[in-house]
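Worksheet: the structure to be examined is printed underneath.
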4 protein chains.
Amino acid sequence: MAQNDKDKLIIDAGLSVFCKKGYASTRMADVAREAGVSYGLVYHYFGSKRALFDTIVDTWWNDLYHVLEEQKESQDDIPKKLIAIIQFFLDTYSTRPNLISIFISEVSRSSVYHTTVGLSKFKKFFSLCEDIVKEGQGKGILRSDVKPHYLTYIFLGAVEAFISILVLGKEKLDISKKKLITDGVIQVFLNGAKAK
Amino acid sequence: MAQNDKDKLIIDAGLSVFCKKGYASTRMADVAREAGVSYGLVYHYFGSKRALFDTIVDTWWNDLYHVLEEQKESQDDIPKKLIAIIQFFLDTYSTRPNLISIFISEVSRSSVYHTTVGLSKFKKFFSLCEDIVKEGQGKGILRSDVKPHYLTYIFLGAVEAFISILVLGKEKLDISKKKLITDGVIQVFLNGAKAK
Amino acid sequence: MAQNDKDKLIIDAGLSVFCKKGYASTRMADVAREAGVSYGLVYHYFGSKRALFDTIVDTWWNDLYHVLEEQKESQDDIPKKLIAIIQFFLDTYSTRPNLISIFISEVSRSSVYHTTVGLSKFKKFFSLCEDIVKEGQGKGILRSDVKPHYLTYIFLGAVEAFISILVLGKEKLDISKKKLITDGVIQVFLNGAKAK
Amino acid sequence: MAQNDKDKLIIDAGLSVFCKKGYASTRMADVAREAGVSYGLVYHYFGSKRALFDTIVDTWWNDLYHVLEEQKESQDDIPKKLIAIIQFFLDTYSTRPNLISIFISEVSRSSVYHTTVGLSKFKKFFSLCEDIVKEGQGKGILRSDVKPHYLTYIFLGAVEAFISILVLGKEKLDISKKKLITDGVIQVFLNGAKAK
DNA sequence: AATGAATGAGCTTTCATTCAT
DNA sequence: CATGAATGAAAGCTCATTCAT
């Protein structure tokens with residue numbers, strides 16, 4: 001815990017600077033300064049700007065995969081699984097806003113388009129979600145007249161849109177607001193937007 | 001009208017190159033070469049890389065605003081209005097795939113986040129959609145136990161997710177597929193994903 | 001001849017700086033300054049440090065090939081052909097000392113060892129010389145009890161050693177000294193070092 | 001003798017890496033890794049990259065001086081002395097190919113080397129050879145109508161060219177080939193390339 | 001003696017932009 | 001309008017060297 005957390009320092013600095021300025025406008029010098037270390041040390045640990053960025057972003061992907069696999073295996077019913085996914089996003093927004101901000105603004109679209117690695121990570125993410133949706137259709141919980149990956153897009157699109165808005169508006173998120181959003185998304189997704 | 005369409009040429013070239021490589025990786029030299037004009041002429045017409053990009057993207061925003069305002073004013077019922085919005089996105093995907101690809105990958109998140117201009121355009125866009133949603137709630141068509149802007153996010157998030165996927169997969173879109181998607185989104189949005 | 005000799009200027013500057021400092025210690029900034037042009041223009045014309053260097057060195061190789069091919073085809077007797085080769089080296093030393101200096105100190109050994117291109121250029125050079133030697137053996141002028149490529153090495157080694165010494169010692173070369181060297185090399189090569 | 005041969009390890013590693021990559025492209029990290037020691041230890045023993053290189057090269061110079069001085073003093077006749085020199089080069093090529101490879105590619109021509117320490121070493125080397133040549137002229141064995149240092153260049157150039165070729169081609173050298181080369185060089189040097 | 005994290009000056013290269021023609 | 005040679009600030013990255021342990 002003592003001396004050798006320089007790499008952690010650098011990751012934190014990267015998180016902050018990438019979030020503030022975006023990947024393209026981030027200077028390695030900024031990261032080094034923010035971390036309070038020398039220029040070269042960033043390269044000593046991470047080798048390149050891209051590698052530093054990927055290291056940061058991978059912690060996000062791994063957590064995401066972990067949660068989705070957990071839900072896939074769990075014995076909970078489908079609505080609970082979907083709620084768990086929404087809550088994971090909201091919780092990450094609360095605890096690591098910079099990380100999710102980077103995901104939304106730098107990863108979720110651009111990188112996917114222009115890098116093969118990005119694309120494959122996304123596909124794995126979608127695929128895990130789709131498995132849950134399929135399970136729901138198989139159990140007769142979710143409607144089967146819409147293709148499972150259509151349902152998946154709709155669900156994830158809605159969740160991601162919410163997170164984007166939170167990020168864009170830098171909104172504070174307390175427990176009651178979290179519940180409001182979770183309920184709103186899950187309600188509309190399951191029962192529809194139509195008044196009853 | 002005949003002789004001087006160099007600016008159109010440049011816009012088309014920009015559309016193509018920005019789409020293929022992304023804003024950051026696009027070189028003005030690429031654009032000029034693709035347009036078959038010289039370096040300097042791009043500057044003569046557009047002044048800067050950013051300005052060229054914005055000019056391109058603005059045609060999208062304007063069309064989008066136009067459709068939304070049209071729908072806002074129209075006498076159609078709410079479902080029809082929502083369908084029109086979905087169809088506008090799908091139609092643009094068919095007719096100007098490069099444009100919508102740029103919107104998805106370069107505008108909808110990143111630029112909004114890191115430029116003030118982007119943010120205000122987005123707010124206007126959301127606001128126009130929200131007006132339609134509010135109208136739906138006012139008329140008792142859409143549920144009122146969920147905040148109007150929550151409903152808006154869910155709807156737009158779902159639509160955007162679809163378009164993203166189309167773009168990513170470079171999917172062909174014929175009339176029947178268009179109908180399938182439109183129906184899927186509108187059905188799930190209005191009546192929910194739950195099996196009946 | 002008027003305005004657009006910038007590339008010539010840069011080549012001359014490169015010749016001078018590479019010669020003075022060696023490839024590794026040459027800074028592109030030095031070349032640009034020496035040429036009186038901007039930093040970027042060097043890249044505009046040559047693309048990279050290596051490319052600039054190769055362009056410079058290639059003029060040497062091409063001249064060398066040219067002379068050797070000329071001699072190969074010529075109707076002169078073998079001693080005259082060998083003398084022509086020696087004189088070409090000595091003349092180049094007089095007229096373009098920087099060029100031959102670069103050849104000796106940067107190309108003739110190091111680059112050959114560490115680049116495939118360098119190696120193949122050398123092989124072509126050797127091969128052209130060997131053809132002349134073989135012709136001499138075929139005509140009964142040169143001894144045949146020593147392998148042709150051995151004879152070639154000995155001849156070229158002697159010539160190159162002379163040039164190296166001139167370069168390293170920055171010696172002045174007048175006509176009489178040129179003759180002295182040419183005679184010495186050709187005499188010893190043909191008739192041997194042994195006193196008669 | 002047993003425990004502390006780290007400096008030997010480093011020299012061997014340097015020998016190998018300098019040979020493989022050349023001085024400029026050699027990284028101290030490569031040397032340390034190859035030697036299986038740490039970064040800092042190389043500096044502990046040798047102080048700098050240049051110093052390490054010079055230390056390595058000096059073992060070559062010292063052996064070379066030693067042989068030349070031995071031959072200078074010896075009572076053998078001139079041809080035997082010259083043969084001994086040729087054989088020293090060929091033997092070193094057999095026993096320590098990396099060392100001679102470095103000499104050929106990094107020392108014998110490099111202008112950089114000559115500006116710093118190398119020039120005086122080279123002069124001593126030439127001077128020792130020249131003494132033998134002068135002795136040969138004095139005894140009426142070698143022709144006196146060519147300046148002694150010209151004869152020396154021719155002889156050494158021929159030898160060096162051979163070694164270069166061996167190094168370049170990574171040729172195997174057995175006893176019979178050694179004899180062939182030695183005889184070829186000495187024959188041509190003493191009696192000339194002309195057919196009798 | 002031995003380590004390797006840490007430094008930072010200095011390098012090559014890129015590319016949006018300018019401007020003389 | 002049109003060109004493209006020319007600019008140069010600024011970036012990412014390298015690597016010999018230092019030094020606390």
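Since we're looking at a predicted model, the values are computed, not measured. All heavy atoms count here, side chains included; hydrogens, waters and symmetry mates do not. Here is how names work: the chains are called A, B, and so on, in the same order as the sequence lines, proteins then strands, and each is numbered from 1.
Rounded to whole Å, atom P of dA2(E) lies 20 Å from atom CZ of R33(D). Going from atom CG of L9(A) over to atom P of dA5(E) covers 15 Å, rounded to whole Å. Rounded to a whole Å, the CZ atom of F53(A) is 14 Å from the P atom of dG12(F). Here the C1' atom of nucleotide dT17(E) and the CG atom of L52(B) are 14 Å apart, to the nearest Å. Between D5(A) atom CG and dA6(E) atom P there is a gap of 10 Å when expressed in whole angstrom units. Remark: C1' of dC1(F) and CD1 of I10(B) are 11 Å apart, rounded to the nearest angstrom.
Under 4.0 angstrom from either OP1 or OP2 of dC1(F) there lies no side-chain N or O belonging to H44(B). Neither OP1 nor OP2 of dT7(F) sits under 4.0 Å from any side-chain N or O of Y39(C). OP1 or OP2 of dA6(F) lies within a sub-4.0 Å distance of a side-chain N or O belonging to K6(C). An OP1 or OP2 oxygen of dA10(F) is reached within less than 4.0 angstrom by no side-chain nitrogen or oxygen of R27(A).
Note on D54(A) versus K121(A): no salt bridge recorded, every NZ/NE/NH1/NH2 to OD/OE distance being 4.0 Å or above.
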Kindly determine whether F18(D) and E106(D) satisfy side chain to side chain contact (heavy atoms under 4.5 Å, CB included), including the steps that lead there.
-> CA-CA 9 Å; F18(D) 282 130; E106(D) 297 292 329; 6.0 Å; no
I102(D) vs F53(D), side chain to side chain contact (heavy atoms under 4.5 Å, CB included): CA-CA, chis, key distance, verdict | CA-CA 10 Å; I102(D) 288 173; F53(D) 184 79; 3.7 Å; yes
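Checking G47(C) against G36(D), the closest nucleotide of DNA chain E that is more toward the 5' end is the one next to G36(D). Where S48(B) and V42(D) each meet DNA chain E at their nearest nucleotide, the meeting point lying more 5' is that of V42(D). Of the residues near DNA chain F, A24(A) and Y23(D), the one whose nearest nucleotide (by heavy atom distance) lies more toward the 5' end is A24(A).
The nucleotide dT12(E) finds its pairing partner in dA11(F), both defining distances of the Watson-Crick or G-U wobble pair being shorter than 3.5 Å. Pairing of dT3(F), defined by two Watson-Crick or G-U wobble distances under 3.5 Å, is identified with dA20(E).
T26(B) comes within 4.0 angstrom of the backbone, heavy atoms only, and of no base.
Listed candidates were dA16(E), dT14(F), dT3(E). Nearest to the side chain of K49(B) is dA16(E). Checking dG12(F), dA2(E), dT13(E) against every side-chain atom of Y45(D), the shortest atom distance belongs to dA2(E). In the set dA9(F), dT14(F), dT3(F), the nucleotide with an atom closest to the side chain of V37(B) is dT3(F). Listed nucleotides: dT7(E), dT18(F), dT13(E). Nearest to the side chain of L41(A): dT7(E). Comparing dT14(F), dG4(F), dT17(F) by their nearest atom to the side chain of Y43(A) picks out dT14(F). Closest to the M28(D) side chain, of the nucleotides dA16(F), dA16(E), dA2(F), is dA16(F).
The nearest pair of heavy atoms linking S48(A) to M28(A) is C-CE, 4.0 Å. Looking at every heavy atom in both residues, Y39(B) comes nearest to A32(B) through N-CB, 3.9 Å. Annotation for G14(A) and I56(A): closest pair C-CD1, 3.7 Å, computed over non-hydrogen atoms.
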